[in-house]
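For reference, the structure is listed below as structure tokens.
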Amino acid sequence: MKKRILSGVQPTGALHLGNYIGALRQWVDLQHETDAYFCIVDYHAITVKQDTQELYDNIHSLAAMYVAVGLDPSKVTLFKQSDVSAHTELAWILNNFTHMGELQRMTQYKDKAKGNGKQTVGLFTYPVLMAADILLYQPHMVPVGEDQKQHVELTRNIAQRFNNRFSETFRVPDVMHPKDGARIMSLDDPNTKMSKTGSSQWGYIALSDAPDVVMKKIKKAVTDSGSTIEASADKPALTNLLVIYSAVSGKTVGELEELYHGQGYGKFKKELGEAIVTWLEPIQERYHELIQNYDELQAILKQGQERASVVAQVTLDDVKTKIGVI
Ligand code: AQP
């Protein structure tokens, strides 16, 4: 039997290289050997204020990008969280198996709540909805970037707590990070993670960025002091650029270090920018075809909804029976 995996991305803006290298690259690699579920987590997006039209557009653009980077909708189940109501139903039930202190310790909550005087309950309970997203599908593994590790650990704790009380109900999934690039850093500040909403426009490269924008962002990217191009603990900016270069070129970091031995930052950055542009070209071409074909995107999401709903409902019915409401 194939192992099952599940993961998702919020439709909060353009996908960036951090999302791709930390999460989607693994998804594309795993799609043939696993029973894979990939979700557009639109209910997570509304934990911060969203413009109605922008959210709607972002959902479709994310669906198009999922396919453009190489996910095959005939092999994987690609769906929208809000299309499967079992997610919010199970989240409500799991709220009652989650402690306030556990949610207060979540670093992503602390970061997003910082400087935001009026925090919503949704932002606070986001990790419980994420636990429901995962546990409904009984996955063996959850391939995500390193920033999501704490949320998957909480998911495991909630699952174990429920199983201990009501007998084996949920599979307790393992978190899965890529070997390299589990945490891609911002181009303008190598101490913070690359993020759609957290960093300035110079901090991330969107998969939809035009070639001149990519070149400009790489040119402006901060580097470390010294002149050698190598990946090491005291060169966080160069390490980050080398990991990105490796992901888009297929060369290992070691091969790149050798290639640029004795070379200057200018040449390195120019060729890195060109490598990203070349890698992005077919992805953007496919994306532009898809984004104009709204009916095809709708059909993909509808098919995903049908497949996901069947699996999710089995788990939800079991949970409802165990707690005594069915
Ligand atoms: N910088 C990163 N390096 C490696 N992996 C990353 N991921 C996100 N940023 C990096 C991984 O991408 C997947 C989807 O993330 P998400 O967009 O749903 O949420 P996020 O982690 O909050 O990403 P952003 O860009 O920071 O979004 P905003 O700004 O909207 O909050 C996850 O697997 C994540 O680990």
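Both ligands and their constituent atoms are indexed starting at 1 by order of listing. Each residue takes its place number in the sequence, starting with 1. Every value quoted in this text rests on a predicted model; they were computed, and no experiment measured them.
Here Lys196 has heavy atoms under 4.0 Å from ligand 1 in both its backbone and its side chain. Residue contacts with ligand 1, taken as heavy atom pairs separated by less than 4.0 Å, do not involve Ser7 at all. Of the heavy atoms in Met185, none comes closer than 4.0 Å to ligand 1.
Remark: ligand 1 atoms within the under-4.0 Å shell around heavy atoms of Gly22 are 4 (C), 5 (N). Per-residue contacts place Gly8 under 4.0 angstrom from the following atoms of ligand 1 (heavy atoms of the residue considered): 14 (C). Each of the following atoms of ligand 1 lies closer than 4.0 Å to a heavy atom of Ala23: 12 (O), 13 (C), 33 (O). If you number the atoms of ligand 1 from 1 as listed, the ones under 4.0 Å from a heavy atom of Gln108 come out as 22 (O). Residue contact check: Ala182 has heavy atoms under 4.0 Å from atoms 3 (N), 4 (C), 5 (N) of ligand 1. Atoms of ligand 1 found under 4.0 Å from any heavy atom of Gln148 (numbered from 1 in listed order, with element): 21 (O), 32 (C), 34 (C), 35 (O).
Ring-plane geometry between Tyr245 and Phe268 is classed as tilted, the angle between the planes lying from 30 to 60 degrees on a 0 to 90 degree scale. Using cut-offs of 30° and 60° for the angle between ring planes, the Tyr137 and His87 rings count as tilted.
Closest heavy-atom contact between Val9 and Leu24: CG2-CD1, 3.9 Å.
Of the candidates Lys149, Gln10, Met194, Lys193, Lys193 brings a heavy atom nearest to atom 23 (O) of ligand 1. Of the candidates Val9, Leu62, Leu17, Ile184, it is Ile184 that places a heavy atom closest to atom 1 (N) of ligand 1. Across Val144, Asp111, Thr12, Val152, heavy-atom proximity to atom 30 (O) of ligand 1 is greatest for Thr12.
With ring centers used as reference points, His16 lies 6.0 Å or more from Tyr20.
Within 6.0 Å of CD on Gln160 lie more than 12 heavy atoms contributed by other residues, nucleotides or ligands. The number of heavy atoms from other shown groups lying within 6.0 Å of CD (Glu281) does not exceed 12. More than 12 heavy atoms of other residues, nucleotides or ligands lie within 6.0 Å of NZ in Lys322, so this atom counts as buried by the packing criterion.
Considering backbone and side-chain N/O atoms, Ser195 comes within less than 3.5 Å of an N/O atom of ligand 1.
Ligand 1 lies nowhere less than 4.0 angstrom from a heavy atom belonging to His44. Ligand 1 does not have Ile21 within reach: every non-hydrogen atom of the residue lies 4.0 Å or more from it.
A side-chain donor-acceptor contact under 3.5 Å links His177 to the backbone of Val144.
Two residues are said to be in side-chain contact when any heavy atoms from C-beta on lie closer than 4.5 Å; Glu89 and Lys320 meet this criterion. In this structure the side chain of Leu301 reaches within 4.5 angstrom of the side chain of Ile40, judged on heavy atoms.
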